[in-house]
Number of protein chains: 2
Amino acid sequence: MAIRPAEQLIHKAAWLYYAHGLRQDQVASQLNISRASVAMYLRKARETGIVNISTSTQLFTDDVLARQLEDALKLDAVWIAPENDYVLDPSTDIAVLAASVFLELVKKGDRIGVAWGRTVYTIADVMSYADLQDVTVVQLCGNLGAPYSYRPDQCTMEIARRLNAKGLNFYAPLVLTTEALADGLRAEPVIREQLADIGNCDLALYSVGTVDTDSHVVKCGALSPGEMGVLREAGAAGVIAGQIIDAAGKALDCSYNRRVISASLSSLRQIEKRLMVVQEDSKFEPLLAALAGGLCTHLVVGASMARRLLDHAEKAS
Amino acid sequence: MAIRPAEQLIHKAAWLYYAHGLRQDQVASQLNISRASVAMYLRKARETGIVNISTSTQLFTDDVLARQLEDALKLDAVWIAPENDYVLDPSTDIAVLAASVFLELVKKGDRIGVAWGRTVYTIADVMSYADLQDVTVVQLCGNLGAPYSYRPDQCTMEIARRLNAKGLNFYAPLVLTTEALADGLRAEPVIREQLADIGNCDLALYSVGTVDTDSHVVKCGALSPGEMGVLREAGAAGVIAGQIIDAAGKALDCSYNRRVISASLSSLRQIEKRLMVVQEDSKFEPLLAALAGGLCTHLVVGASMARRLLDHAEKAS
DNA sequence: CACGGCTCTCGACAAAAGTCAAACTGGCAT
DNA sequence: ATGCCAGTTTGACTTTTGTCGAGAGCCGTG
């Protein structure tokens, strides 16, 4: 297949249509092809990021509530997805907003850390395509051969694909059975280098996990419900990039955390822009923990969660 | 006029349509308005930069010729508008390309210097809208009460308008009758400050002018054809931001230059990204002068000009 | 060299988006 | 209170765009 002429054609069609504002039939006659082909090329152009359509997320930051939250939580920016306003699936709404925000935060040449979870995968799924050749997307934590489709490497690769960026995966299990083995694996050059470089990321994207028995880490088999119960007794408050954090946002001192292959919380905190996205209202406590730990500079949440956070912050002060 | 609810509606419509991918009738029923209104809101959204549609200019840099020119002229990037490829007005084509390139180079928070001329105005005219609130567009040179519509302040304002940016004009004549008056005016705080700040721009946009009798500066009355003839004898090779440069790209030592109120060439050279756009083939010599003077880091030209430049560079070496 | 299997392309139809004049709204001056 | 104006909104119409199945070209294979 002659890929180059095809690419050229797509590009030219997109150029004439979007930049010059010609109609599809005019483009077709310019390029001596049928209008149907032009329509198809244009779809491809949108799908490959040759054409970029983005909507400003202004509206969601302009919100009074968002401003108050920024001040109260000392965050760089907060976006709030309205909930009862128009009748759409609110969690999709949050993901769509998060995807837009994410694309707005990405700059050329950036290195981006991506964790995993249903939320991150949903965001990847609704994210529009872009053409950021010199961007690198790195995986923040080890893999899990989960029955679910949203594995860490898939999240990373999907986002890289959408961005036309380079995806950097590392293939280690998220959690090992012994601490010794985990230490050994972390010392492996391939793994070491990737983990060491995480602090150099410009942007991170993650959500936070719950610590109850239907938590994501439990469903994926990283922890048994029983183990999770024990950890909760020991002060577990949330999950970040596969690691258990306490209510203060510190890594919980426990065997599990020592057996995990993932970006350290301190390296995550080195990342300038940490975009946290929370879809479910049930993640209130975990989110508080993550906020306490300084694991988030940019936040995307739904309206009801935003109100709860603000209430909490006001009571605390 | 209730501007706020209207803005909100435009934003919501744009959000549902572009980010969520709903159809216009679906958006209409969500928002309880007619589909016709939705169509109107969407047009407004595009016109105000709430929605951004941009096409990658990759294709034009990918060109072999562009790469060769980058190397030969030691430029950061070169874009070449194809000419005999599809039958459009080539000079419009260059302007459309330049506008896209310009938008690609602008970052949030940037300060942008804009000169004047037909080329710059044409670019402003075809430039699509964007929503860059914290961008400042500054005028690089004094005004001319020309009969033509592309005055420096208009170029600046139009580009600022398209970008939703702040436009910073300064109202001084481009050229004065005596050097003493020019010195005095340059010493005025309003003018001084603006001129002093030009080196802090992140991006500059200008073209280069010819030095013949139908040059832009002559048509605008800044110079008489006779004066221009004398300057040409004295080594004038081009015009940058209203100033005459010689073949080496240095400001020509002449009374006219001393009477001009404009950004100094050295302050222009302090600007990191200097985007030069040349539409007419007749500007070959002036462009060479500008290149020699290091007044350009990013270049947009047509294919025939590109070939001439490359030929010239190869002969020189 | 004939045969699937493949992708690319086109024409025709259906769906969606754009447009416009007419109706409507709410604020303001008379 | 009334009429007027500027700006919205709408329904009906037209134009433009998206889609889909049929057909054409192309290659490697038997």
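Here the structure is a predicted model, which means the values were calculated and not measured. Letters A, B, ... mirror the listed sequences (proteins, then strands); counts begin at 1.
Of all nucleotides listed (D:dG18, C:dC10, D:dT16), D:dG18 comes nearest to the side chain of A:Q24. Of the candidate nucleotides C:dT9, D:dT10, D:dT19, C:dT9 has the atom nearest to the side chain of A:M40. Closest to the B:S37 side chain, of the nucleotides C:dG18, D:dT9, D:dT19, is D:dT9. Comparing C:dC10, D:dG18, D:dG11 by their closest approach to the side chain of A:A36 singles out C:dC10. Closest to the side chain of A:R23, from the set D:dT17, D:dT9, C:dA17, is D:dT17. Nearest to the side chain of A:I33, among C:dC10, C:dT9, D:dT16, sits C:dC10.
Neither side chain, A:T119 nor A:T122, offers a donor N or O lying under 3.5 Å from an acceptor on the other. If you check the side chains of B:R46 and B:Y18, you find a donor sitting under 3.5 Å from an acceptor. With hydrogens and angles left out, the side-chain atoms of A:E104 and A:S54 include no donor and acceptor closer than 3.5 Å.
When rounded to the nearest whole Å, the span between CD1 of A:I10 and C1' of C:dC8 equals 12 Å. Rounded to a whole Å, the NZ atom of A:K44 is 11 Å from the C1' atom of C:dT9. Atom P of nucleotide C:dA16 and atom CZ of A:R43 are separated by 15 Å, given to the nearest angstrom. To the nearest angstrom, P of C:dT9 lies 13 Å from CG of A:N32. B:L22 places its CG atom 10 Å from the P atom of C:dA17, with the value rounded to the nearest Å. Atom pair B:Q26:CD and C:dA15:C1' shows a separation of 12 Å (rounding to whole Å applied).
Between A:W79 and A:H298, the angle of the ring planes stays under 30°, which puts this pair in the parallel group of the 30/60° scheme.
Residue A:Y41 places none of its side-chain N or O atoms closer than 4.0 Å to OP1 or OP2 of C:dC8. Under 4.0 angstrom from either OP1 or OP2 of C:dG18 there lies at least one side-chain N or O belonging to B:R46. A sub-4.0 Å separation between OP1 or OP2 of C:dA17 and a side-chain N or O of B:Y17 is present.
A:L42 comes within 4.0 angstrom of no nucleic acid atom, judged by non-hydrogen atoms across all strands.
With rounding to the nearest 0.5 Å, the separation of CE in A:M276 from NZ in A:K283 is 9.0 Å.
Evaluation of atom-type donor-acceptor distances gives a pair under 3.5 Å for the side chain of A:R35 against the base of D:dG18.
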